[in-house]
2 protein chains.
Amino acid sequence: MNYMLPATMDQSHDPTHPGLSGVEVGVIDFFVSAVKVLGMAKSIGEIYGLLFVSPQPLPLDVLCQRLSMSKGSASQGLKLLRAFGAVKTVYQPGDRRDHFTAEIEIKRLAAGFMREELQPRLTQGEERLAQIAQLGHTLPANAEGDFQRGRLAKLERWSDRSREILPLLGSLLD
Amino acid sequence: MNYMLPATMDQSHDPTHPGLSGVEVGVIDFFVSAVKVLGMAKSIGEIYGLLFVSPQPLPLDVLCQRLSMSKGSASQGLKLLRAFGAVKTVYQPGDRRDHFTAEIEIKRLAAGFMREELQPRLTQGEERLAQIAQLGHTLPANAEGDFQRGRLAKLERWSDRSREILPLLGSLLD
DNA sequence: TCGTTTGTTCAAGAAAAAATGAATGATTTA
DNA sequence: TAAATCATTCATTTTTTCTTGAACAAACGA
């Protein structure tokens, strides 16, 4: 099976991205920035961006070629994107390679991000906080001790608050 | 004026942070992680964390000493935190140095973050998108062109959506 | 006015994060 | 079963980001 691009696609106007059309470069660029806001690596944005504009699902080696990216980066990037549910594996008859396609329902993308990134960190913060709360009891019974106990209590209120807000965030996206 | 800590504070249990009590180390640690989630440097979390547990406003040089941090980091960190409205400058009679205290209203912290970080990036994304939209008109009148035009339209809907959601986010925190 | 204190900036160094690519294992098919 | 294809892992290299500290500027006070 031939996975090379149609001739029209090779007429790139961006010398740094041979094989990518202007629109493709633009969309990839857009997702690279978007993904950085979320604290993820450039490669994640590149992969998702290319899949987002591609009518057909693409296999690993095509992603590597068109993005000039190593196999390792592409493999790890796809692994993460699948964990988020941002990329789905599609079976292509007559081809041994896995093909990947972009999930474009924003609700699901957000859900994946919350599940994989936000929730674990929130839990970790809660654990950390429980540790500190122990120390709070050892604080002296003076003005400073009182103040710091108050601050610890405030931290716990923030933490509880976050737990409540996270699900609401998802419902904003309906 | 003497800004050294009371003797009790020097009985630190953490050898890597002389001059910081257990509770202080814990709270700082908490904010260092929190701040990393938001994509900011460790030093930002350290400064905010120490101010958060400190009953008195602290000047630059005290922050440097207690956090074992360079003057440059502390200065830049405070600059950023002030821009966010996460730290306020407090005048201390009889002391030439600026003193800093932590803003602890979560609503204001969130507003600062949105204003300084989210809004500019959102605007930048919109500009980027306007650029790509131009290219959309040059796409061929075939299946692939139609598909990609559809994807560009979807991106614009996402962008508009984000604009609507950002203010709602703030109202969640009331 | 001149020396001192305080705070900022920025080039250079250090640390952290991401990308690479060779080695590995798994799966297919000849 | 052996060769070929495909994907993953991980030690190393590269890139990016953060921190440092010295130079500078500004504000004060003697």
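Here the structure is a predicted model, which means the values were calculated and not measured. A, B, ... follow the sequence lines: proteins, then strands. Residue 1 opens every chain.
- Spacing between atom CD1 of B:I47 and atom P of D:dC18 amounts to 13 Å, rounded to whole angstrom units.
- Following rounding to the nearest Å, A:L78 (CG) and C:dA18 (P) show an atom-to-atom distance of 16 Å.
- Relative to the side chain of B:M69, the nucleotides D:dT20, C:dA19, D:dT8 differ in distance, and D:dT20 lies closest.
- Annotation: salt bridge (Lys or Arg N to Asp or Glu O under 4.0 Å) contacts involving residues 72-92 of chain B, sequence neighbours excluded, comprise B:K88-B:E103.
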Only distances under 3.5 Å count here; give the side-chain donor-acceptor pairs of residues 111-126 of chain B to other protein atoms, sequence neighbours excluded, each with its distance to 0.1 Å.
from   : atom 1 : to     : atom 2 : distance (Å)
B:R115 : NH1    : B:A83  : O      : 3.2
B:Q119 : OE1    : B:R163 : NH1    : 2.6
B:T123 : OG1    : B:Q119 : O      : 3.0
B:T123 : OG1    : B:R163 : NH2    : 3.0
B:E126 : OE1    : B:R163 : NH2    : 3.1
B:E126 : OE2    : B:R163 : NE     : 2.9

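- Distance CG (B:L38) to P (D:dT17): 17 Å, rounded to an integer number of Å.
- Closest approach to the B:D98 side chain among C:dG7, D:dC6, C:dT20 is made by C:dG7 (side chain taken as heavy atoms from C-beta onward).
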Exercise. Give the intermediate values and the outcome of salt bridge (charged side-chain N to carboxylate O under 4.0 Å, His left out) for residues B:R149 and B:D146.
Key: CA-CA 5 Å; B:R149 262 188 299 278; B:D146 290 345; 2.8 Å; yes
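- Between B:K79 and C:dT9 there is a side-chain polar atom (N or O) within less than 4.0 angstrom of OP1 or OP2.
- Proximity note for B:A41 (side chain, C-beta onward) versus D:dC6, D:dA7, D:dC18: the nearest is D:dC18.
- In this structure, the side chains of A:L50 and A:L20 come closer than 4.5 Å at one or more pairs of heavy atoms.
- Atoms OH (B:Y91) and C1' (C:dG7) sit 17 Å apart, rounded to a whole Å.
- A:M40 places its CE atom 13 Å from the P atom of C:dA19, with the value rounded to the nearest Å.
- Distance B:L80 CG to C:dT9 C1': 15 Å, rounded to the nearest Å.
- The separation between B:Q92 atom CD and C:dG7 atom P is 12 Å, rounded to whole Å.
- Rounded to whole angstrom, the span from the CG atom of A:L60 across to the P atom of C:dA26 amounts to 18 Å.
- Residues A:V27 and B:I132 share a closest heavy-atom pair of N-CD1, 3.9 Å.
- For the pair B:L51/B:L58, a side-chain contact is recorded, criterion being any heavy-atom separation below 4.5 Å from C-beta on.
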Practice problem: Starting at the 5' end of nucleotides 21-30 of chain D, put B wherever the base has a protein heavy atom under 4.0 Å, S where only the sugar-phosphate does, and a dash everywhere else. | Solution: B-----BS--
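- Side-chain contact between A:M40 and A:F84 is present, with heavy atoms from C-beta onward closer than 4.5 Å.
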